[in-house]
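One structure is given below, encoded as structure tokens.
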Amino acid sequence: MAVKVILKDGSVKDYPRGTTVMDITRNISEGLARNALGAKLNGKKVDLSTPVNEDSTLEIFTFDSEEGRDLYRHSTAHIMAQAVGHLFPGVRFGIGPAISEGFYYDFDVPENFSPEDMARIEEEMERIIKEDLPFERIEVSRQEALKMFEASGEKYKVELINDLPEDAVISCYRQGDFIDLCAGPHVPSTGKIKSAKLLSLAGAYWRGSEKNKMLQRIYGTSFPKKSLLDEYIFRIEEAKKRDHRKLGTELDLFSMQDEGPGFPFFHPKGMILRNELESFWREEHKRAGYDEIRTPVILNRAMWEQSGHWDHYRENMYFTKIDDIDFAVKPMNCPGSILIYRSKLHSYRDLPIRMAELGLVHRHELSGALHGLMRVRCFTQDDAHIFMLPSQITEEIIGVIDLIDRFYKVFGFEYHVELSTKPEKSMGSDEIWDMATEALKKAIEARGMEYKINEGDGAFYGPKIDFHLRDCIGRTWQCGTIQLDFQMPEKFALNYIGEDGQKHRPVMIHRVVFGSIERFIGILIEHFAGAFPAWLAPVQVKLLTVTDRGLDYAEEIRKAMLQNGIRPEVDGRNEKIGYKIREAQMEKVPYMLVIGDREVENKTVAVRKRGEGDKGAVDLQEFIETVQEDIRLKR
RNA sequence: GCCGCUAUAGCUCAGUAGGUAGAGCGUAUCCUUGGUAAGGAUAAGGUCACCGGUUCAAUCCCGGUUAGCGGCUCCA
């Protein structure tokens with residue numbers, strides 16, 4: 001009896017019933033069979049050893065797919081657990097999943113692991129890999145599973161089994177002397193893992209809850225080739241060098257002070273960056289039909305109760321008292337915007353009204369969560385609230401998507417979007433949430449964009465589209481977000497006068513493009529490794545005199561540049577030219593001009609461009625125009 | 001907030017097995033006026049994060065606090 005198998009490319013082949021996935025793979029191609037790690041059979045992820053007993057669709061996973069990488073790393077996690085089991089008898093095992101760039105496994109051990117232990121564990125893993133032990137799938141009943149893990153004292157596994165749904169198929173995987181509760185699938189054998197490396201050690205609560213015991217987590221990663229691992233390690237090193245906290249200090253952009261944990265201080269050079277971003281933002285928003293507003297940082301308790309923040313967001317807010325009345329520092333800008341909208345009567349003809357605000361918000365973040373400019377306790381959202389007719393929803397969302405797209409392109413970021421749906425802690429009926437979620441979907445789809453859904457990840461007042469941008473070393477950051485809100489207009493009884501002369505309720509969009517200016521600056525610092533394009537660079541041109549005789553001319557050039565909207569700085573110190581160049585290079589200034597006797601005499605400038613070196617002498621006016629062109633084109 | 005680690009000059013870091021500290025870079029002054037990634041000399045600069053304890057004596061040992069780092073959790 002033959003079964004039909006539909007492959008990923010749509011082709012259909014017949015195989016005898018019971019042929020394994022591996023055999024089919026081999027039949028497709030030897031090369032694919034060599035690289036195959038697992039498969040998806042009728043939508044279910046399975047091992048290569050799985051027999052095909054019915055007509056099926058089949059997709060083979062190699063390391064080139066996310067699924068392939070995940071199961072490769074997951075298998076590596078099992079190998080690490082086996083190694084830890086060998087070296088630390090009495091260890092209890094937590095969970096060990098694959099994560100985006102590797103895997104981890106949580107262990108309950110009496111003594112914390114030391115860095116030396118990591119090396120020993122790695123060695124033991126090597127040994128297990130060399131043994132090329134097959135991964136064997138074993139399906140067991142709930143009773144058998146409980147009996148087995150209770151007998152070995154694996155209390156965490158027992159807890160996991162007890163929490164599995166009634167109808168769950170319980171499976172274990174065994175390689176050699178190690179057996180673990182696991183849904184699978186896994187690579188065929190331990191020898192498939194070529195280059196594994198343990199990366200770091202951390203404490204992590206059992207099941208992520210601070211009420212539970214803290215386990216020891218070991219992070220690692222693995223690749224089918226040494227060169228891929230090396231590349232990955234290189235990328236991590238590269239990321240370390242780009243760390244915005246380090247560059248922020250070196251380039252004198254901002255600082256953090258003990259006096260204000262999580263509250264960044266922007267230095268003059270950092271302010272230039274900020275102001276450039278803000279003026280770009282103002283320009284673009286004016287063009288896109290936004291009006292700018294500014295609302296107070298502190299508002300009274302009654303208002304926060306009305307907005308729902310008192311009930312839904314209190315633990316993140318800061319409070320104060322004025323004349324014995326409770327006030328709160330704003331964690332979001334929306335209520336301020338709403339109060340402005342409500343300050344007068346609106347006609348349907350006025351809508352949409354787009355009110356933008358660079359609003360400083362404060363949120364109480366856990367002390368351990370703070371991280372440079374990426375995670376702070378006060379930040380400026382490049383916020384806007386759009387008040388509109390229900391019929392304008394799709395068009396307005398598309399408008400925001402286009403605006404965000406325009407922004408990210410200027411910085412050279414690619415991005416993807418995610419749609420987040422109703423969270424547990426939320427306001428409003430399911431019907432309204434469904435309607436809002438559908439509206440967001442429609443807009444994304446109208447724009448022909450791919451998206452991922454994050455169930456239960458929306459804001460408490462509405463679903464949202466998040467924009468995750470990808471920086472030049474492949475990391476992603478959530479920046480822009482568009483949130484649709486039917487709740488706030490209701491809470492604040494907003495209305496507009498419709499064609500019929502009656503009051504109607506408008507719909508609201510909350511949206512940000514940069515997200516937080518602070519975080520965006522952090523991302524830019526890392527993206528450009530501190531070497532900002534000329535339009536953003538705090539110092540665009542550094543004038544380097546060869547001798548004191550060049551000082552007057554340098555000063556003349558400096559003034560000419562200031563007149564022409566360029567940011568120059570003169571290094572007129574009594575130092576050698578090589579020394580000044582080195583310093584300017586380390587400051588990552590886009591242009592250096594060497595000013596010696598020749599330039600003074602010919603009224604030229606000797607240009608040295610960052611990344612390109614000596615460009616020779618050019619006419620001053622010509623150079624000014626080059627820089628102006630860079631600034632104009634945002635290069 | 002929780003777990004682990006850390007805190008010495010503006011920056012990066014050494015050091016004292018308990019007897020109040022040192023380097024490089026940077027800064028200042030002087031010499032040097034040198035053409036594309038570090039010229040030389042001299043000097044200044046530290047309540048060794050803060051508060052307590054042990055001790056004849058604490059930067060060092062102990063406890064606490066604060067802040068930072070790596071995670072967990074959370075998020076712009």
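We name chains A, B, ... by the order of the sequence lines, and we start the count at 1 in each one.
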- Query: Does the side chain of A:Q478 come under 3.5 Å of the side chain of A:H468 through a donor N or O and an acceptor N or O?
  - Reply: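 No, no side-chain donor-acceptor pair sits under 3.5 Å.
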Residues forming a ring-ring contact (aromatic ring centres under 6.0 Å, His included) with [X], sequence neighbours excluded:
X      : answer
A:Y313 : none
A:Y408 : A:Y415
A:Y156 : A:W206
A:F103 : none

Taking only N/O atoms, report every protein-nucleotides 66-68 of chain B pair under 3.5 Å with atom names and distance.
from  : atom 1 : to     : atom 2 : distance (Å)
B:A67 : O2'    : A:D258 : OD1    : 2.8

- Message: Going by the rule side chain to side chain donor-acceptor pair (under 3.5 Å), which residues pair with A:W477 if we only count those two or more places apart in sequence or in a different chain?
- Response: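 For A:W477, the residues satisfying side chain to side chain donor-acceptor pair (under 3.5 Å) (neighbours in sequence not counted) are A:D471.
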- Task: Only counting residues at least two apart or in another chain, list the ones meeting salt bridge (Lys or Arg N to Asp or Glu O under 4.0 Å) with A:R245.
- Result: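 Residues passing salt bridge (Lys or Arg N to Asp or Glu O under 4.0 Å) with A:R245: A:D243.
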- Query: Excluding sequence neighbours, so at least two apart, what forms salt bridge (Lys or Arg N to Asp or Glu O under 4.0 Å) with A:R406?
  - Reply: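 For A:R406 the salt bridge (Lys or Arg N to Asp or Glu O under 4.0 Å) partners, ignoring immediate neighbours, are A:E284.
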- Query: Do A:R519 and B:C75 have a side chain to base donor-acceptor pair shorter than 3.5 Å?
  - Reply: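 Side chain to base: pair found, below 3.5 Å.
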- Message: For B:A76, does the base pair up with any side-chain atom of A:E365 as donor and acceptor (N or O, under 3.5 Å, distance only)?
- Response: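 Per atom types, the contact qualifies.
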So what does [X] hit on the nucleic acid, given a heavy-atom distance under 4.0 Å: a base, only sugar-phosphate, or nothing?
X      : value
A:V594 : base
A:R598 : base
A:K615 : nothing

- Query: Using 4.0 Å as the upper bound for N to carboxylate O, is an ion pair formed by A:R354 and A:E396?
  - Reply: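 A:R354 and A:E396: salt-bridged.
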- Task: Determine the stems involving RNA chain B; a stem requires 3 or more consecutive pairs of the Watson-Crick or G-U wobble kind, each with both distances below 3.5 Å, and the answer is none if no such run exists.
- Result: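 Only these stems qualify: B:1-7 with B:66-72, B:10-13 with B:22-25, B:27-31 with B:39-43, B:49-53 with B:61-65.
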- Message: Whether A:H510 contacts B:A76 is assessed here as follows: a side-chain N or O lying under 4.0 Å from the phosphate OP1 or OP2. Is that the case?
- Response: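 Answer is no, no contact under 4.0 Å.
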Scan nucleotides 23-30 of chain B against the protein and return all N/O pairs shorter than 3.5 Å with their distances rounded to 0.1 Å.
from  : atom 1 : to     : atom 2 : distance (Å)
B:G26 : OP1    : A:Y579 : OH     : 2.6
B:U27 : OP1    : A:R573 : NH1    : 3.4

Show which side-chain atoms of residues 455-465 of chain A pair as donor or acceptor with protein atoms under 3.5 Å away, not counting sequence neighbours.
from   : atom 1 : to     : atom 2 : distance (Å)
A:E455 : OE1    : A:T421 : OG1    : 3.0
A:Y461 : OH     : A:Q483 : OE1    : 2.4

- Could you identify which residues of residues 270-278 of chain A place a heavy atom less than 4.0 Å from some atom of RNA chain B, listed by residue number, or say none?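 Per residue number, the list is empty: none.
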